[in-house]
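Working notes, structure below.
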Number of protein chains: 2
Amino acid sequence: MTNPAPSPPPQKPARKGALRPALLAAARTLLDRDGADAVTIRAVARACGVSHAAPANHFADRRSLLTALAAELFADLAEAMENALAGAPQNPANKGSGTARLTAFAEALVAYGLAHPERYRLLWRRDLLDGEDAALQGTMDRLYARLLEELSALPLPAGKDPETAAVGLWSLCHGYVSMRLDGNFIARRDKESRAPRHSAMIANYLAALAPPAHPA
Amino acid sequence: MTNPAPSPPPQKPARKGALRPALLAAARTLLDRDGADAVTIRAVARACGVSHAAPANHFADRRSLLTALAAELFADLAEAMENALAGAPQNPANKGSGTARLTAFAEALVAYGLAHPERYRLLWRRDLLDGEDAALQGTMDRLYARLLEELSALPLPAGKDPETAAVGLWSLCHGYVSMRLDGNFIARRDKESRAPRHSAMIANYLAALAPPAHPA
DNA sequence: CAGACATTATTGACACTGTCAATATACATG
DNA sequence: CATGTATATTGACAGTGTCAATAATGTCTG
């Protein structure tokens, strides 16, 4: 099946078996520009210069196309968060606030959401995606496991388990980003011009999770 | 579009000038049963036994219909949260953690979301609603102001302002409910059969906000 | 009361969507 | 070359929101 391209891929009418990635790229562009609603089978086909039914050979239906796109986006997000972790100080021996890595993790999540609104929104549009998709679930589970791993390496106070802390941190970030993106009341009071509120919010949450050695 | 569900039961032709409330009631039923996607102008009209263009006299377009419905739902939510506040102990001037009222507030929000998934989801579907609608914005703003009021009555530790605390608490609850409803990874680990995690989560957050009376 | 007006409901149409069926083209392998 | 598989095209259908023209209903005025 895999053949070396006999001629360079010049234009939208992509050669050989290159329609599938072209469709995904077009879908991503449409998503960023006009939101998930604009990512229709026919619009994607038009953007690739093929007939309206051509995508059916690569994606069974619209849900399948959006799911594949979301899996790509989730992988991007996971990479961004992994990079953030790599740039954070290694946690262990140094006691006290080992929350620098968690801060980096949470900040990266929020930053991705605010930087790519439509992409972030799509990730959670369960009505548009196939929640049973293996690729999608796998990336999500790995990301959550990563957070749990970081949290488990932290000495938590008695009565606080890593699972609840992980769910809380993720909920905090996800809720904040969602309401910012949806333009609801939080957004009207939390302009970008101010110092970013989410940083203080995250810091507060993490400080409570692992209070510094000398509480004020 | 796929047509999964059997058609809703045809209803009585609402006489007189009572079509508008009938449309809203039908929309609410459709929403609860099949989600926001199922709330189409034509389906609502069918449910009320009128022609497909009859609703146009009461709602300019689909967005207008859904916005009116969402305003109703937001009022319901506000009422539920107000009731929860009424049942909570009045802010005790005597001492210590006056977070009981905030706990009631947050628990009521989460309870509403988990009890009425489709209604809660619609509240934040900005792509389906008119964010500039006065009724919708008014109810939302009043609810947020109420939370801020409760938080401002609380003696916060230095370095923590009510605004950030309010945004954090709301984000925490909203994020948790969203991910539970969307069936994402949190839901797969946070079954109803266990003790509800959100209670511990909320308690942890509020405890950090106003630490108990015995400081170091 | 009768006529004029405003509100509301109906019918029909258009463009758009997802999806299916039948067809046509290309490619690869025997 | 012939055959067969993968892919692309055309055409159709049901469903949707929304508009225009029409009809029916009520209400108010003179």
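Sequence lines set the chain letters: A, B, ... in the order given, protein chains first and strands last, and positions in each chain run from 1.
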Closest of D:dA20, D:dT9, C:dA9 to the A:Val50 side chain is D:dT9
TODO: Measure up the B:Tyr176 and B:His198 rings against each other and bin them: parallel (under 30°), tilted (30 to 60°), perpendicular (over 60°).
DONE: tilted
Is there a donor N/O on one and an acceptor N/O on the other, under 3.5 Å, for the side chain of [X] and the base of [N]?
X       : N      : result
B:Arg42 : D:dG15 : no
A:Asn57 : D:dA6  : no
B:His52 : D:dG15 : no

Checklist entry - If only side-chain N and O atoms of B:Thr40 are considered, is one of them under 4.0 Å from the OP1 or OP2 phosphate oxygen of D:dT16? => result yes
Tell me whether the OP1 or OP2 atom of D:dT18 has a side-chain N or O from B:Arg63 closer than 4.0 Å. no
Note to self: Heavy atoms only, 4.0 Å cut-off, all strands: where does A:Arg62 land among base, sugar-phosphate and nothing?
What the structure shows: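 Touches sugar-phosphate only.
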Would you check if the side chain of [X] reaches a backbone N or O of [Y] as a donor-acceptor pair within less than 3.5 Å?
X        : Y        : answer
A:Arg121 : A:Leu181 : yes
A:Thr40  : A:Ala43  : yes
B:Asn57  : B:Ala54  : yes

Between [N] atom [atom2] and [X] atom [atom1], what is the distance in whole Å?
X       : N      : atom1 : atom2 : result
A:His58 : D:dT9  : NE2   : P     : 10 Å
A:Asp61 : C:dT17 : CG    : P     : 16 Å
B:Arg20 : C:dT8  : CZ    : P     : 11 Å
A:Ile41 : C:dT17 : CD1   : P     : 11 Å
A:Leu65 : C:dT17 : CG    : P     : 14 Å
A:Arg46 : D:dA8  : CZ    : C1'   : 17 Å
B:Leu23 : D:dG17 : CG    : P     : 13 Å
B:Asp37 : D:dG17 : CG    : P     : 11 Å

- prompt: Under the side-chain hydrogen bond (donor to acceptor under 3.5 Å, both in side chains) rule, what pairs show up with a residue in residues 63-75 of chain B, not counting sequence neighbours?
  reply: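 Found B:Arg28-B:Glu72.
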